[in-house]
Each structure stands twice: as C-alpha cells, then as structure tokens.
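See below for the structure under consideration.
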There are 2 protein chains.
Amino acid sequence: MPERSYHHGNLRTVLLDEAERALIETGVQDLSLRALARDAGVSHGAPRRHFPDRAALLEALAVRGFENLAARLTEALDGARGGFEPQLRAIAHAYVAFAIGRMPLVELMFASKHREGTDATLAAAHAAYAVPFAAISAARRRGELLGTDEQAAGRLAFATLHGLAVLLNTGMIADSDVAATVDTAVDGLLTGLAAHPGRAVGA
Amino acid sequence: MPERSYHHGNLRTVLLDEAERALIETGVQDLSLRALARDAGVSHGAPRRHFPDRAALLEALAVRGFENLAARLTEALDGARGGFEPQLRAIAHAYVAFAIGRMPLVELMFASKHREGTDATLAAAHAAYAVPFAAISAARRRGELLGTDEQAAGRLAFATLHGLAVLLNTGMIADSDVAATVDTAVDGLLTGLAAHPGRAVGA
DNA sequence: CCCCTATGTTGTCAATGACTACATCGGTCC
DNA sequence: GGACCGATGTAGTCATTGACAACATAGGGG
C-alpha cells in the first residue's frame with residue numbers, strides 16, 4: 001500500500017465520518033481531535049485546517065445529523081400509504097429508529113443553546129421538521145386533523161417523538177418492544193388522553 | 001476571615017452545589033474538577049475523596065436533579081385544584097419551567113446510556129416519574145382517562161413534556177410565550193391530533 | 001490517650017486543545 | 001513550463017486537565 005501523499009485529498013469528510021462513528025460508539029466526552037487525526041493518518045494539527053476548533057467539528061456533525069434525519073423521514077413518508085395515521089406511524093418509527101441507533105449524535109443535535117454558533121444547526125433542524133410538518137399540513141387540508149393549528153400539532157408530534165426516543169434510549173422506558181411502544185404512543189397522540197376532552201388544538 | 005481548617009467539613013455538598021451552578025451556566029464540557037476544587041478553596045486532589053472520578057460527580061448531579069424534579073412536580077400537583085386536566089397542566093408547566101431553567105443539567109439527567117453506572121440515576125428518575133404517574137392513575141380511577149393503559153398514558157405525557165422542553169430550549173420551537181406553548185401542547189395531549197381517531201391507548 | 005479512618009495536600013504523568021512557525025503541494029496565470 | 005499563491009499539511013510548544021500515588025492532618029471512637 002503506497003504511503004499517503006502529503007495532501008490527504010478528502011480529509012474533512014473522513015474526519016466527519018470517523019467522528020460520527022466514534023461519537024455514536026463512545027460518546028461526545030471521548031471524542032478527540034487528536035485521536036481522529038491519528039485514525040485518519042495525519043498529524044494532530046491537520047484537523048484545524050478544516051475545523052477551527054473542536055466545537056466547529058461538533059457543529060458540523062449536528063448539521064449532518066439533521067440532514068440525514070430529513071432524508072430518513074422523507075423516505076418513510078414516501079413509503080407510507082393512506083392518510084394521516086399511517087403517515088404519522090411511518091414518521092414515528094423512522095424517527096425513533098434513527099434516534100435510538102445514534103443517540104449520542106442525537107443528543108449533540110439537540111444539545112443546549114449554550115453551545116456557540118448553532119445557526120447552521122437550527123436551519124438544518126427546521127429543514128428536517130419541514131418533512132413531518134408538510135404531512136400534517138396535508139392532513140389538515142384533507143380534514144383529518146382535529147383543530148386548525150397545524151404548527152402546534154406539528155410541534156406536539158415532534159416533541160413527543162423526540163421525548164419518546166430519549167426515554168427509550170436511557171432505559172427510563174423499560175420496554176423491550178420498541179415498535180409496540182411507538183405504536184402505542186402514536187395511538188395516544190391521535191386519540192388524546194382525556195376521556196372527556198375540552199378544547200382541541202386551535203379550536 | 002479565618003483561614004479554612006484542614007478539614008473542609010462540607011466539601012461534597014459544596015462541590016455538588018458549585019458543580020450544578022457551573023454546569024447550568026457554561027455546560028458539561030467546561031465542567032472541571034480542578035476548577036471546582038479551586039472555587040471551593042481546596043487542592044486539586046480533594047474532590048477525589050468524595051467522587052472517585054469526574055463521571056461519578058456527574059452521576060451524583062443527575063441523581064440530585066431527579067430528586068429536585070420530583071419535589072417540583074409534587075409541589076405543582078399539591079397546588080392543583082380539580083381533576084386530571086388542571087393536574088396535567090400544573091405538571092406540564094412545572095416540568096418545562098424546571099427543564100428550561102437548567103437545561104444542561106437536564107441534558108445530563110437524560111444523557112445516553114453510554115454513560116457508565118447509571119443505576120442510581122434510573123432509580124431517581126423512576127421516583128420522579130412516580131409523581132405524575134400517580135396523578136394519571138387517580139385520573140383513570142375517576143374515569144377521566146381515555147382507555148385503560150395508564151402506564152402508556154404516563155409515558156406519553158412525560159415523553160411529550162420532555163420533548164417540548166428540549167425543543168423550546170434549543171430554539172427549535174421559536175415561541176416566546178412558553179406558558180401558552182405548554183398549554184397548547186397539553187390541549188393536544190388531552191384531545192389528540194386526529195379528527196377521526198381509531199383506537200385509544202389500551203382500548 | 002491512642003489508633004484508625006476520613007479527608008486533605010503535593011507531586012507526577014499522559015493526554016488533550018489551541019496555537020505558532022514552517023513545509024509541501026495543487027492549481028492558476030503568464 | 002515555470003513561478004507564485006493559497007490550501008493543506010507537519011512539528012513543536014504551552015497550559016490545563018484527569019487520574020493516580022505517596023504523604024500529612026485531623027476527627028471520632030474505643
């Protein structure tokens with residue numbers, strides 16, 4: 001195998017790929033620029049030519065995470081037949097599966113705004129949200145949504161799925177059948193908890 | 001001011017208090033045992049007499065966080081009049097207020113199970129959950145809960161509140177009126193999203 | 001009063017992030 | 001084809017950190 005030339009040629013992408021793998025495997029605390037450089041076969045200073053600092057690398061990982069999430073949700077929605085309910089189920093399963101398989105990345109994606117310069121992450125997050133929001137908007141037009149505030153409905157749905165994924169991942173929901181848990185949660189989202197509810201969202 | 005004696009006398013509690021303050025202010029990445037020791041006026045080796053390592057300190061912070069959360073939820077529930085709906089609203093506002101005011105701590109509380117030795121955190125979390133779960137159990141006995149699976153209903157409610165708090169904190173829900181956002185989300189939780197729902201939770 | 005344990009201090013080591021100065025190459029322009 | 005410039009790498013330094021070990025001090029119990 002010939003030794004790598006002075007110019008790596010694709011270092012930024014390799015660092016991001018390797019960083020994502022390491023993040024998911026051992027968590028953000030153990031994620032080290034120097035270790036990534038060693039794995040990529042370059043010196044410890046090279047990553048700083050692509051990321052001004054460690055936080056910038058983490059930011060790029062978060063943006064990529066939302067981009068991947070958007071792709072997953074789009075794919076799930078494209079594969080869903082029927083109306084609002086099967087679409088919401090498809091989105092829910094895709095979201096929870098995505099989150100559970102890469103929870104340290106998802107934590108990074110949603111990490112506190114204490115992190116600096118998260119405008120790019122916010123933009124990427126909104127692009128990912130647009131996918132289920134479009135489905136909810138279409139459901140309202142078809143008369144399948146209770147109430148008229150589709151923004152509020154979308155927020156509720158996304159908040160619930162994110163919360164569910166977090167609780168499942170931490171073991172706080174100790175349910176071995178993830179798919180059933182997701183389906184049950186979607187049931188509850190659709191029908192509500194109250195036996196005699198007062199007002200609907202936006203009614 | 002007399003110099004501190006050799007034995008601090010209360011170092012563990014001081015370290016935890018200071019660590020929680022620093023965590024909330026600047027995030028977990030900047031939380032440093034040495035800095036905490038300096039702030040407490042002891043040498044850099046002293047904290048290790050109370051916490052075997054940095055992860056143990058973080059674990060203790062997470063446990064305390066759930067203990068404080070349980071107290072807040074209990075207080076909110078005690079102050080709520082009427083049935084299920086006002087109780088759920090009281091819990092929701094208390095939870096979101098708690099989370100938003102200390103998001104880096106809440107992130108730590110719910111951090112990935114990649115973290116070692118989280119049995120104590122899990123136990124503390126379950127104790128915190130018991131508070132809203134008791135309210136939901138009482139609601140079912142009063143016939144105020146749609147369906148019979150109160151465990152699933154409790155999981156749905158908690159997941160939604162946690163997800164809502166996370167999205168509000170990260171700015172992904174760009175709503176300046178947090179109280180109204182929480183009330184709208186509770187509306188949605190109670191009535192459901194679907195105009196023509198299929199089956200209820202546990203029905 | 002003695003002893004033991006809890007709790008501190010001091011020092012060391014390896015690893016890290018950030019930074020600087022320098023080296024190498026790829027691409028563009030003349 | 002050669003020169004030059006900027007992108008991208010290398011090598012070294014510094015400060016800080018976490019973890020650990022050896023030692024010092026005091027408080028409490030017998």
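Numbers restart at 1 for each chain; the letters A, B, ... are given by sequence-line order, proteins then strands. Bear in mind that the values here come from a model prediction, so they are computed numbers and not experimental data. What you see below is based on every heavy atom in this structure, not just the backbone, and it leaves out hydrogens, waters and symmetry mates.
To the nearest angstrom, P of D:dG6 lies 17 Å from OH of A:Tyr6. Per the geometry, NE2 belonging to A:His7 stands 15 Å off P belonging to C:dA23, to the nearest Å. Rounding to whole angstrom units, CZ of residue A:Phe51 and C1' of C:dG17 are separated by 15 Å. Here the C1' atom of nucleotide D:dT25 and the CG atom of B:Leu11 are 15 Å apart, to the nearest Å. For B:Leu15 and C:dT7, the CG to C1' distance is 12 Å, given to the nearest whole Å. Between A:His8 atom NE2 and C:dG26 atom C1' the separation is 16 Å, expressed in whole Å.
Not a single salt bridge (Lys or Arg N to Asp or Glu O under 4.0 Å) links A:Arg34 to another residue, sequence neighbours left out. The salt bridge (Lys or Arg N to Asp or Glu O under 4.0 Å) test applied to B:Asp17 returns B:Arg64, not counting sequence neighbours.
OP1 or OP2 of D:dG9 sits under 4.0 Å from a side-chain N or O of A:His50.
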For a quick check, with a 4.0 angstrom heavy-atom cut-off, what is the B/S/- contact string for nucleotides 15-23 of chain D, read 5' to 3'? --BBBB--B

Between B:Phe133 and B:Phe158, is the ring pair (Phe, Tyr, Trp, His ring centres under 6.0 Å) condition met? List the steps. CA-CA 9 Å; B:Phe133 272 58; B:Phe158 213 96; 7.3 Å; no

Does the side-chain hydrogen bond (donor to acceptor under 3.5 Å, both in side chains) test come out yes or no for A:Gln87 and A:Arg81, once each step is laid out? CA-CA 7 Å; A:Gln87 285 180 332; A:Arg81 289 287 181 275; over 6 Å; no

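Between B:Phe66 and B:Tyr129, the ring-plane angle classifies as perpendicular under the 30° and 60° cut-offs.
Applying side-chain contact (heavy atoms from CB on, under 4.5 Å) to A:Ile91 and the options A:Ile136, A:Val186, A:Leu77, A:Thr74 leaves one that passes, A:Leu77.
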